[in-house]
Amino acid sequence: MTIETPSAAGEQRASTGEPPGKPTSTGEPVGKPTSTGEPLGKLTDLDDLVGSYGLASRVQQLPNHPGEPRFSIFTASMGDLTAVSANIAESAAGSDIRGGMDGAGGALGTERAGRLCVAESLERYSSCVFDESALRWATAEELGEEALDLGTVPRCTPEELAHPKSIVTAPDPSGPMRWTRGWSLTGNRPVWVPAVMVWMHIRAKSAAERFTMPISTGCAAHSDLSAALVGAICEVVERDSISLTWLQRIPWPRIELDEIPERLAPYAERHRASHVRTLFYDATTDLGIPTIYSIDVTPDNEVLGQLVMCNTDLDPVTSIGKIMRESASSRIAMQVPRPRPEDPDEFLHVFHGASYMGAPERAGDFAFLLDGRERRTLSSMPNLSTGTAAGDLRLLVERLKAAGCDVIAVEVTTDEARDVGFRVVRVIIPQLMPLSFVHTARYTAHPRLYEAPARLGYPVHAEADLNPLPQPFA
């Protein structure tokens, strides 16, 4: 299946009605707003997926912790998907994954939050379900120029690969693996993409397929294809910045909220009423696509002293608002007791590094950001939004192409998504740094890890001097 960049004639307004007013990966709000002023639009179509025999069997609101930002936070439960998907059952290998794929959604009001969690569940479901018979077994050498160049994908160093607890391999063009069709938005051509880079819950069936670990990066759902692609691209850019920030300890300038735009005010008011102090940083990389990195600081919290968030959007005000909202959801999730290995080399799960680094006594490990003196005002940051999802998509693709990146999209829309008018996509940009929760596989041989800080004028840490601590983002 191919995905082509929409033409100017096909542009559609895809504003979501988020306080910053930009498209996200979760619906096209047009029509009557809710009591909090948040439009629902196409999100109401997701109601058809909720019920005893629906994709989401239960939608429920979660309580905010005392003293924390008072946003409406909901979850949508999909139950035991091993019963309906052979690949998920194979990946689970008998373990109970109920709750592990449930979607979460936050908003000012309950009407919107209760739908956003269903949208995220639909996105996660679509990123896990595929037809094994539709995949092609081949080597990259056999597919030739039509295949994604495995020489461009992130790779681990020989030291990482030789680690006794390593679970990855080096990319091998001669190794057989499963492939699916994607579309290069930068090259305007079809591309064969390794299936393990597209879907979650896809168990490696050859040594060659273990060159990457399945992760949700770059997956987005929306009622408009252009907006879905924008959301997916921005997430890949965001994850690139997260990895660069932590591994290279980049001391980004702290953002001063010198003005609070009207669309951001309701979010900022709820945030100010809490005990959470959030520091925002301009983590825009050499790509020039506005990215905000943040640290929640709560030294009085015995469980979660620090929480890292990040967001990329062409409008930085959008990112500030989204971080304020989504951190409320993450704070609930991060304070749920979970088992964690004692040895960071055994960290594999999204919550392992975040809970380890979230301990209040680890605040000093964030000093490269917390102690920084450089400042930048929010009002001085550029808003690159074009006003349409199609326009934003063209801008992103052109900017990434100019940076030497290949933007590849794969449509993973399931029947359930199509029935309610949603599209789900996965975007892969191999030249950017990946986010890894596997501490022994941080892909530190990828050239971008050293080239990007140099282009930005920051000191470049060699491999031996990279941040040895686990990734704090979850």
Any chance you could measure [X], atom [atom1], to [Y], atom [atom2], to the nearest 0.5 Å?
X: L55; Y: Y125; atom1: CG; atom2: OH; value: 6.5 Å
X: Q306; Y: L279; atom1: CD; atom2: CG; value: 11.0 Å
X: L116; Y: S329; atom1: CG; atom2: OG; value: 10.5 Å
X: L378; Y: L257; atom1: CG; atom2: CG; value: 6.0 Å
X: H352; Y: L348; atom1: NE2; atom2: CG; value: 7.0 Å
X: L393; Y: I233; atom1: CG; atom2: CD1; value: 5.0 Å

Given side chains that start at C-beta, do those of [X] and [Y] come closer than 4.5 Å, heavy atoms only?
X: L396; Y: C234; value: yes
X: T245; Y: I242; value: no
X: V297; Y: I295; value: yes
X: S127; Y: V424; value: no
X: V412; Y: V198; value: yes
X: C405; Y: L432; value: yes
X: V427; Y: I429; value: yes
X: Y443; Y: S436; value: yes

- Task: Sequence neighbours left out, what passes side-chain contact (heavy atoms from CB on, under 4.5 Å) with R249? Give chain and number order.
- Result: F368, H461, D465, N467, P468

- Pick from V193, V407, V236: which one makes a side-chain contact (heavy atoms from CB on, under 4.5 Å) with I428? V193

Do the side chains of [X] and [Y] get close enough for a salt bridge, i.e. N-O under 4.0 angstrom?
X: R115; Y: D47; result: yes
X: R423; Y: E411; result: yes
X: E120; Y: R124; result: yes
X: E235; Y: R239; result: yes

- May I ask you to check whether T278 and H271 show a side-chain donor-acceptor distance below 3.5 Å? yes

So, does [X] use its side chain to make a donor-acceptor pair with the main chain of [Y] at under 3.5 Å?
X: R426; Y: T217; answer: yes
X: Y450; Y: A445; answer: no
X: T291; Y: T284; answer: no
X: R375; Y: G372; answer: yes
X: E123; Y: A119; answer: no
X: R58; Y: S77; answer: no
X: S243; Y: P434; answer: yes
X: R254; Y: E374; answer: no
X: D313; Y: S319; answer: no
X: S241; Y: E238; answer: no

- Distance flag, aromatic centroids of F71 and Y267, threshold under 6.0 Å: yes

- Message: Please tell me whether F347 and Y356 form a close aromatic pair, meaning their ring centres lie under 6.0 Å apart.
- Response: yes

- Go through D102 and T75 one step at a time and tell me if the side-chain hydrogen bond (donor to acceptor under 3.5 Å, both in side chains) criterion holds. CA-CA 7 Å; D102 292 352; T75 61; 5.7 Å; no

- Task: Would you please classify the geometry between the H349 ring and the F351 ring as parallel, tilted or perpendicular, with 30° and 60° separating the classes?
- Result: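 The arrangement is parallel - the two ring planes meet at less than 30°.
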
- Task: Give me the ring orientation class for W252 and Y458: parallel if the planes are under 30° apart, tilted from 30 to 60°, perpendicular past 60°.
- Result: perpendicular

- Item | Step-by-step side-chain hydrogen bond (donor to acceptor under 3.5 Å, both in side chains) determination, D315 to S385 | CA-CA 6 Å; D315 179 2; S385 171; over 6 Å; no

- Message: Ring of W183, cation from R189 - is the NZ or CZ under 6.0 Å from the centre and inside 45° of the axis?
- Response: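 The answer is no, since R189 fails at least one limit relative to W183.
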
- R455 atom CZ, neighbour heavy-atom count above 12 within 6.0 Å: yes

- Pairing residues for D371 by the salt bridge (Lys or Arg N to Asp or Glu O under 4.0 Å) criterion, not counting sequence neighbours: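 Residues passing salt bridge (Lys or Arg N to Asp or Glu O under 4.0 Å) with D371: none at all.
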
- Go through the steps for M309 and E326 under the test side-chain contact (heavy atoms from CB on, under 4.5 Å), then give the verdict. CA-CA 8 Å; M309 299 290 293; E326 291 195 345; 3.7 Å; yes

- Decide yes or no on salt bridge (charged side-chain N to carboxylate O under 4.0 Å, His left out) for R277 and D296, but give the supporting numbers first. CA-CA 6 Å; R277 179 187 177 218; D296 279 3; over 6 Å; no

